[in-house]
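Only one structure is covered here, and it is reproduced in the block below.
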2 protein chains.
Amino acid sequence: MKVTNAQMQANRAHIVKTASHLFRERGYDGVGIADLMGAAGFTHGGFYKHFGSKADLMVEAARCGIAQGDAKAESLDAQGIVNYYLSRKHRDNRADGCTVAALSGDAARQPASTKEAFAAGVESLLEGLAGGKCAKDGSARERDLRHQSIETIAQAVGALVLSRACPDDSSLADEILEVCRAAALTKLSSSAEG
Amino acid sequence: MKVTNAQMQANRAHIVKTASHLFRERGYDGVGIADLMGAAGFTHGGFYKHFGSKADLMVEAARCGIAQGDAKAESLDAQGIVNYYLSRKHRDNRADGCTVAALSGDAARQPASTKEAFAAGVESLLEGLAGGKCAKDGSARERDLRHQSIETIAQAVGALVLSRACPDDSSLADEILEVCRAAALTKLSSSAEG
DNA sequence: ATTATCTATAGATCTATAGATAATGC
DNA sequence: ATTATCTATAGATCTATAGATAATGC
C-alpha cells in the first residue's frame, strides 16, 4: 500500500526520530530493525526502502537527537542549561536527553560518518552549554573562551556519563552530579564578571 | 579433557582478562561468547562451567580492568597519570585503557551488579587520577579536596569519551584532549601550592 | 567418581533481501 | 507504471544447554 510522497517523508522522519530515542535509551546494538520499525508503527521489511543500512540510520538519528538538544538549549539561558544538563531528571531520562552523552561510547566504535555527526554535536554543546561559539584561531580572548567552553562541556558530559554508570539512586551518582553542577555554575558566574 | 584445579583457575582468570580487553575495545554487545572463548583459546561450550551468564562475566571483567588501571596508576606520579590519561596513545588504545571511560556508556544499561563495579572504578579514579582519597563527611578541607577530585575525573573521563567519539585524527579530537590535559595539569600544580 | 573442556545443537535473535500488494500519480 | 509498505525468508549470528570425552584426584 503506497502512501503519498508527503506521507512517506513524514514516515521516514518519524522512523529517524523514533530511532534517535531508542538508540539513546538502549544503545546502538540494543535496538534491532524489527524493534525500531515496530515502535514506529511499521513492519521491518520497509526499512531498507528508506535507509541503506542501520549504520546510515545512526548518522541521521544522531543529527536528529542533536538538533533536538539544540532546540531545548535555545529555550533556556546559560544557567538554566547547566541546571537541566546536570539534573537527576536529565540523568534518568536518556531517551530524551543529550545524544552526545548517551551515545558517545557507541560512537567511538562507529564509522567515520557517525563520528562526524558527533563532532558536530560537540560543537553544538560548546555553543549551547558553554556559550563558546568562537573559532580556534581568533584573538587570545577568543581562544581562552573556547578553552573554557571545552573544559566545561568535558566536565558536564563526564559527570553525566559517570553518574549514569553508578547504581541507580546511589549517593555517589548524585554526588558527582551535584559537585559538577555547582562547579559549572560557579564558573559561569565568574566568567560573566570577567 | 579435565585439567588440574590450578590450571582451571588460570584458564578462568585468562578468560576474564581477555573479556576485559575485548569489552573495552568492542563494547559489551560487540563481543559474543564464541568470539571471547576463541580469543582466549577455548571452545565456547565451556564458558558456562565458569560463569553463570555473560552479564556475570561483565562484572568480573570490569573489576579486572579497573584493577589493571589501579596498577598502572601506582607506577606513575600525579602528573604522569594526567599526561598518560589524556594522551592520544590512551585515547587510541581502548583495549588497554581506562575501563570506566571505555564502558560507562554500556554500564548505564547493565544490571546493578555491574554498576556497583563501576562505582568502585570511579572511587579508584578519585584516588589515582586526582589523589582524592577522602571521605564525603570529613573536615571542610577534606570535602573540598574530594570535590576537586570529582571535578577533575569528570573532566578527564569526559574529555577522553568526547575525543574518542570524534573522527580519528580530527583536530577537534586532539583539541579536546590537549585543552583538558593542560587544565588538569594547571589544577594539579595549583592544588600542590595550596 | 568427578569435572573441565569439547562437540553439537536448540531456540531466539539479527541485518538484509525478494517478491506480493495496493495506492499514488502520470 | 511506479513505489511505499507488507509478508516471508535467507543466512548469519547470539546466549545457553545437553551430552560426550578425557584427565584429575580420591
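Each chain gets a letter, A, B and so on, in the order its sequence line appears, and its residues count up from 1. Note: hydrogens, waters and symmetry copies are ignored here, and every other heavy atom, side chains too, is used.
An OP1 or OP2 oxygen of D:dT17 is reached within less than 4.0 angstrom by no side-chain nitrogen or oxygen of B:Y48. An OP1 or OP2 oxygen of C:dT24 is reached within less than 4.0 angstrom by no side-chain nitrogen or oxygen of A:N5.
In this entry the distance linking CE of B:M37 with C1' of D:dT15 reads 13 Å, nearest Å. Summarising the geometry, the separation between CZ on B:F51 and P on C:dA4 is reported as 12 Å, rounded to the nearest angstrom. Atom NE2 of B:H50 and atom P of D:dA16 are 16 Å apart (whole Å). Spacing between atom CD of A:Q9 and atom C1' of D:dT3 amounts to 13 Å, rounded to whole angstrom units. For the pair A:D35 CG and C:dT13 P, the computed distance is 10 Å after rounding to whole Å. In this structure, CE of A:M8 is placed 7 Å from P of D:dT5, rounded to the nearest angstrom. One atom, NE2 of A:H44, and another, P of C:dA18, lie 14 Å apart when rounded to the nearest Å. Counting to the nearest Å, the C1' atom of C:dT15 and the OH atom of A:Y28 are 9 Å from each other.
Looking at heavy atoms from C-beta onward, A:L185 lies in side-chain contact with A:N83 at the 4.5 angstrom threshold. Side-chain contact between B:F51 and B:R12: present, with at least one pair of heavy atoms (C-beta onward) separated by less than 4.5 Å. The closest side-chain heavy-atom distance from A:I81 to A:K72 is not below 4.5 Å. Considering only heavy atoms from C-beta on, A:F118 stays 4.5 Å or farther from A:V122 through its side chain.
Positionally, the nearest nucleotide of DNA chain D for A:I15 lies more toward the 5' end than for the other of B:G52 and A:I15. Both B:A55 and A:V3 lie near DNA chain D, and the one whose nearest nucleotide falls closer to the 5' end is A:V3.
Candidate nucleotides C:dC14, C:dA16, C:dT15 were compared by shortest atom distance to the side chain of A:I33, and C:dT15 ranks first. Side-chain proximity of B:K2 to the nucleotides C:dT7, C:dT3, D:dA16 is greatest for C:dT3. Minimum atom distance to the side chain of B:T4 is reached by D:dT24, of the listed D:dT24, D:dT15, C:dT7. When distances are taken from the side chain of B:F42 to each of D:dA4, C:dT5, C:dA8, the shortest belongs to C:dT5.
Residue contacts for A:K49: at a heavy-atom cut-off of 4.0 Å it reaches a base atom on one of the strands shown. Here B:G45 lies in heavy-atom contact (under 4.0 Å) with a base.
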Point to revise | 5'-to-3' dot-bracket of DNA chain D (Watson-Crick, G-U; under 3.5 angstrom; crossing pairs as [ ]; | other strand) | key: ||||||||||||||||||||||||..

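Classified by interplanar angle (parallel below 30°, tilted 30° to 60°, perpendicular above 60°), the ring pair B:Y85/B:H90 is perpendicular.
Under the salt bridge (charged side-chain N to carboxylate O under 4.0 Å, His left out) rule, A:R88 has a single partner from A:D168, A:D169, A:D174, which is A:D174.
Residues B:R146 and B:E123 are paired through a salt bridge, judged by an N-O separation under 4.0 Å between the basic side chain and the carboxylate. Under 4.0 Å is where a charged nitrogen must lie from a carboxylate oxygen, and between A:D106 and B:R109 at least one such pair does.
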